[in-house]
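In what follows, chains are A, B, ... by sequence order, proteins preceding strands, each numbered from 1.
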Protein chains: 2
Amino acid sequence: MSLHLSLIYPLIRKLESIFNLSPEEYDALASLPLVARTIRGDQDIARDHDRPSQCCILLDGLLYRYKLLGEGKRQIFSFHIAGDIPDLQSLHLQVMDHNIGTVVQSSVAFVPHGTMNRLIDEHPRIRNALWRDTLIDAAIFREWMAGLGRRDAYGRIAHFLCELFVRYSAVGLSNGHKIELPITQEKLGDALGLSTVHINRTLQTLRADGLIRWDRGHLNITDWNGLKRAATFDDTYLHLI
Amino acid sequence: MSLHLSLIYPLIRKLESIFNLSPEEYDALASLPLVARTIRGDQDIARDHDRPSQCCILLDGLLYRYKLLGEGKRQIFSFHIAGDIPDLQSLHLQVMDHNIGTVVQSSVAFVPHGTMNRLIDEHPRIRNALWRDTLIDAAIFREWMAGLGRRDAYGRIAHFLCELFVRYSAVGLSNGHKIELPITQEKLGDALGLSTVHINRTLQTLRADGLIRWDRGHLNITDWNGLKRAATFDDTYLHLI
DNA sequence: CGTCAGTTTGACCTAGTTCAAGGCCAGTGG
DNA sequence: CCACTGGCCTTGAACTAGGTCAAACTGACG
């Protein structure tokens, strides 16, 4: 596999999970002019009210999307892993309504909207797959809403961990029941609408119940069935094929 | 305006707010074979885990989308008004991951996926506008997540009312600062992650503060600026043109 | 006039917040 | 090689926003 192909590979793998790419589609993706840029952790890639002229394809690392409310309050909406295009929406929505940032050092490629539009105009199945991807994004938001509105802290955290494990697994980023999840308890709180203190105490309960181990960014799910049960996790909403 | 045209008109108006429809596009929409069906209140139109073969265009009335969790818990994600296609996502996602129901008696048209696909294949600008619409849907979800996670009951309700007023206005369904909003306090609670009791008490405070009047489904915003302030409402996320 | 769905009230309770102080590395610089 | 720093995690104690339960009220409608 060429160096360049390895960059775009996570995205190709994602599309191939939906349908078999034709040689032409494969070539179109493989010949996207990608310039990988490394960005260190805790940097914003796009900001609320920006008017982006390009999309960012995540090649490696971890991104997150969030909005700042008044008084230092923050809501995190999603975390993104290799192969994701977290600001694909900017193709159709002029103005950013939230921020996108790196959680840890990450490698991304910026693709101009013009290039993206040419790609999807010439390859309708790729376009449909990307549309589909934005719809799954929305499905994940709905599930988080259900958690924020109606699940207690214990179930909410358990559900979050189930989701991330399944999404990592779907793109080959899990190792047994372990994944790399280098997010702080503060970020977890801002994602789940809870205070850091309560996140901390609830994680201790999850550990004491033997469901997980989580140390320095290494999450180990020690009782997958137990965690799913605690979360009442049903993966339909992830629309895996 | 013919009887049939009046049915599809809300959708046409929504598309025209984004770009000027060409005569061909206009004709394609106007000649969609629509059969209006009236459905009484509190009925499900689509259910979790269904595999729909058609989309539903709301012609008149009020729909909502929701998910049931265990123990009688429910999370409502959205309310939909005339011109919306709440299950457009079923074009690309086989399986429903939530329910769609009527709030009050409503008139809807079911359009087979095949017809929809022909329409958008032949009219790329309509396709893009519909894609865009699903992205705005997601933007609204994000804003609700921010409310569920990080706003208190007072601000959350105020924000909800601001959003609905602006969305009604955008399609000509407001009358001064009044809109028809026939939703129960129970549904409001399930949308905002609050108990009915607390919704009731907080609505009383909003009324006492002179921000709204809300009686038998008629919402009257008596202090629009005050309500926006209470909500820290910024309509960027609705992506109105 | 009775019923039923929806709203309102009161009293009590608890999940989660807030504030403030320690503890534990991993990295840095001397 | 050790001391120092700065993130991050952990703990305790006091507090509160919002939940729960149960009962009463209101108005629309048959």
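Closest approach of Leu59(B) to Pro10(B), counting heavy atoms only: O-CG, 4.2 Å.
With Gln185(B) as the partner, the side chain to side chain donor-acceptor pair (under 3.5 Å) test is satisfied by one option alone out of Thr202(B), Thr196(B), Asn200(B), Asp190(B): Asn200(B).
Classified by interplanar angle (parallel below 30°, tilted 30° to 60°, perpendicular above 60°), the ring pair Phe233(B)/Tyr237(B) is perpendicular. Relative ring orientation between Phe79(A) and Phe160(A) is described as perpendicular, the plane-to-plane angle rising above 60° on a 0-90° scale split at 30° and 60°.
Protein atom CD of Glu186(B) is 15 Å distant from nucleotide atom C1' of dT8(C), rounded to whole Å. The interatomic distance linking Leu206(B) (CG) with dT8(C) (P) rounds to 12 Å, in whole Å. When the C1' atom of dT7(C) is taken as reference, atom CZ of Arg216(B) falls 11 Å away, rounded to whole Å. Here dG6(C) presents its P atom at 16 Å from NE2 of His218(B), a figure rounded to the nearest Å. Rounded to whole Å, the distance from CD on Gln185(B) to C1' on dT9(C) is 13 Å.
Looking at which nucleotide of DNA chain D each of Ile183(A) and Ala153(B) is closest to, the 5′-most match is held by Ile183(A).
Across all strands shown, Arg150(B) has no heavy atoms under 4.0 Å from either base or sugar-phosphate atoms. Across all strands shown, Gly41(A) has no heavy atoms under 4.0 Å from either base or sugar-phosphate atoms. Note on Gly193(B): only backbone sugar-phosphate atoms sit closer than 4.0 angstrom, heavy atoms only; bases stay farther off. No engagement by Arg151(A) is indicated, since no non-hydrogen atom pair under 4.0 Å with the nucleic acid exists.
For the pair Asp84(B) and Arg65(B), the salt-bridge criterion is not met [side-chain N within less than 4.0 Å of a carboxylate O].
Residues Leu203(A) and Ile157(A) are in side-chain contact: their nearest non-hydrogen atoms beyond the backbone lie under 4.5 Å apart. Within the 4.5 Å cutoff, the side chain of Glu180(B) has heavy atoms near those of the His218(B) side chain.
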* Please walk me through it: do Thr38(A) and Gln105(A) pass side-chain contact (heavy atoms from CB on, under 4.5 Å)? -> CA-CA 7 Å; Thr38(A) 299; Gln105(A) 189 180 86; 3.7 Å; yes
* To do: Assess whether side-chain contact (heavy atoms from CB on, under 4.5 Å) is satisfied between Gln89(B) and Asp97(B), documenting all intermediate values.
  => CA-CA 10 Å; Gln89(B) 59 158 322; Asp97(B) 54 46; 4.2 Å; yes
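Between chain B and DNA chain D, the heavy-atom contact criterion of under 4.0 Å yields a 5' to 3' nucleotide range of dG18(D) to dA28(D).
Residues from residues 194-205 of chain A placing a heavy atom under 4.0 Å of any atom in DNA chain D, listed by number, are Val197(A), Asn200(A), Arg201(A), Gln204(A).
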